[in-house]
Amino acid sequence: MKKIDVKNLSKKQKKQLNTWLRAVIQLLYFLFLPSAFTAAFGGVKYMFTQIGVEAKIELTSFVAVLLVLCAYTIVFGRFFCGFACAFGSLGDALHAIYLKICKKLKKKPVSLKKEWEQWLILLKYVLLAGIVLACFFGVYGNARGTSPWDVFSMIHAGNFRLSAYKIGIAVLILLMIGMAFIERFFCRFFCPMGAIFSLLPILPFFSLERKRESCIKGCSKCTRSCPAKIELREAKTSIVQGECFQCQKCIDGCPKGNVTCGVGILKGNEIGFTVFKAVLLLCLFMWLGI
């Protein structure tokens, strides 16, 4: 892979380049592939519905999307969450607008207490378990009209026949309010697919890492820049945080440029690798017929 020369760019310019690249990828996926989230989660619901009725699980299009996306996540981490999920991109856009308003009004953005975050993170696992059990016992259909992502998908597709989705509309509005005030609100606390991804055994090879001994003493800018407020993986360790969205904002925040990919040939070329992962994911989705 050809190395992108960013040596002559200032830290501010590098951050702007990363920000624009992330925004462009998110926008393209949001406009042209918004159904990936619902397709993958459709596979989860189908599998547990089939298990509940003791029926054979076939390799449907939904199951194929789920399996491929899980395999991709195991190799590259939650890149889908950080760059390709329409819900995540919507949340980033709403939060960016909120931050601009705060800056203009010279107001400090609201934040959650760390103690609250630790408990709220568990909600997505509770929600996932509830949906799985509802599918298993064959009662998920009774909840029709309550799904915020179904409402979002219908609106995105230009279908505004939402009279039967009043609860789903209300939930979506509440989630959007949360997304605006708290970065990655839905992804961190309510996303059932995020719960699945966070439980996967993510390989460390392509994950971001830092050399702690090279950091400025007392600096925690990478953690403060992270939407999930997690610690970066230390160099030469195999532990990868399942809550990491691979958004790469830790790269933007590091004052010493100490955050890099673990693979030597990719160090300093994280931008090119980001484009590669986005294109590879696009090719996989096209192959799956999304």
Side-chain angles (χ1 to χ4, degrees), residues 1-4 6 16-44 46 59-94 96 149-150 152-158 179 184 186-187 191-194 196-198 200 202-208 227 240 242 244-252 261-263 265-266 268-290:
M1 184 181 294
K2 186 178 179 181
K3 200 168 185 177
I4 297 174
V6 293
Q16 289 176 337
L17 180 59
N18 284 330
T19 300
W20 277 105
L21 177 62
R22 182 165 52 246
V24 168
I25 293 174
Q26 286 182 318
L27 179 61
L28 291 175
Y29 271 96
F30 183 89
L31 292 175
F32 301 109
L33 285 168
S35 61
F37 173 92
T38 52
F41 198 59
V44 176
Y46 165 78
L59 188 62
T60 66
S61 59
F62 290 159
V63 173
V65 172
L66 174 65
L67 294 178
V68 169
L69 196 49
C70 284
Y72 180 93
T73 300
I74 289 172
V75 176
F76 295 110
R78 293 174 62 179
F79 182 84
F80 171 78
C81 299
F83 284 83
C85 176
F87 247 65
S89 299
L90 174 64
D92 279 352
L94 292 173
W149 41 87
D150 285 349
F152 171 77
S153 297
M154 291 173 69
I155 294 174
H156 192 287
M179 289 175 182
R184 289 281 171 166
F186 173 76
C187 307
C191 180
M193 277 305 302
I196 293 173
F197 290 147
S198 66
L200 293 175
I202 299 173
L203 300 176
F205 307 115
F206 300 113
S207 298
L208 297 175
V240 180
C244 175
F245 303 125
Q246 296 292 323
C247 65
Q248 302 182 11
K249 291 185 179 180
C250 51
I251 294 179
D252 302 340
C261 180
V263 178
I265 194 173
L266 297 174
N269 195 25
E270 285 78 18
I271 292 176
F273 191 46
T274 296
V275 175
F276 168 78
K277 288 184 287 187
V279 173
L280 175 61
L281 185 59
L282 174 62
C283 291
L284 290 173
F285 283 158
M286 291 178 65
W287 174 61
L288 293 166
I290 295 181

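Computed from a predicted model, the values in this text were never measured in an experiment.
- For T274, the side-chain contact (heavy atoms from CB on, under 4.5 Å) test picks out L21, I25, F79, F83, Q248, with sequence neighbours left out.
- Q26 contributes a side-chain N or O that, together with a main-chain N or O of G82, makes up a donor-acceptor pair within less than 3.5 Å.
- One distance of note links OG1 of T19 with CG of D252; it measures 5.0 Å at 0.5 Å rounding.
- Contact check for I290 versus L284: no side-chain heavy atoms found under the 4.5 Å cut-off.
- For an aromatic pair to be called close, the ring centres must be under 6.0 Å apart, and F62 with Y46 fails this.
- If you take SG on C187 and CE on M193, they are separated by 12.0 Å, rounding to the nearest 0.5 Å.
- The closest side-chain heavy-atom distance from F41 to V44 is below 4.5 Å.
- Atom NE2 in H156 sits 9.0 Å away from atom OG in S35 (nearest 0.5 Å).
- Taking the six-membered ring where the residue is Trp, F37 and F87 present parallel rings, their angle staying beneath 30° rather than reaching 60°.
- Among residues at least two apart or in separate chains, there is no side chain to side chain donor-acceptor pair (under 3.5 Å) pair with a member in residues 72-83.
- When each of L66, V65, L67 is checked for a side-chain contact (heavy atoms from CB on, under 4.5 Å) with V63, only L67 meets the rule.
- Note: L90 CG to F186 CZ = 10.0 Å, rounded to the nearest 0.5 Å.
- Listed by first and then second residue, the side chain to side chain donor-acceptor pair (under 3.5 Å) pairs that reach into residues 275-290 come to none, sequence neighbours excluded.
- Using a 4.5 Å heavy-atom threshold, the side chains of L282 and Y29 count as touching.
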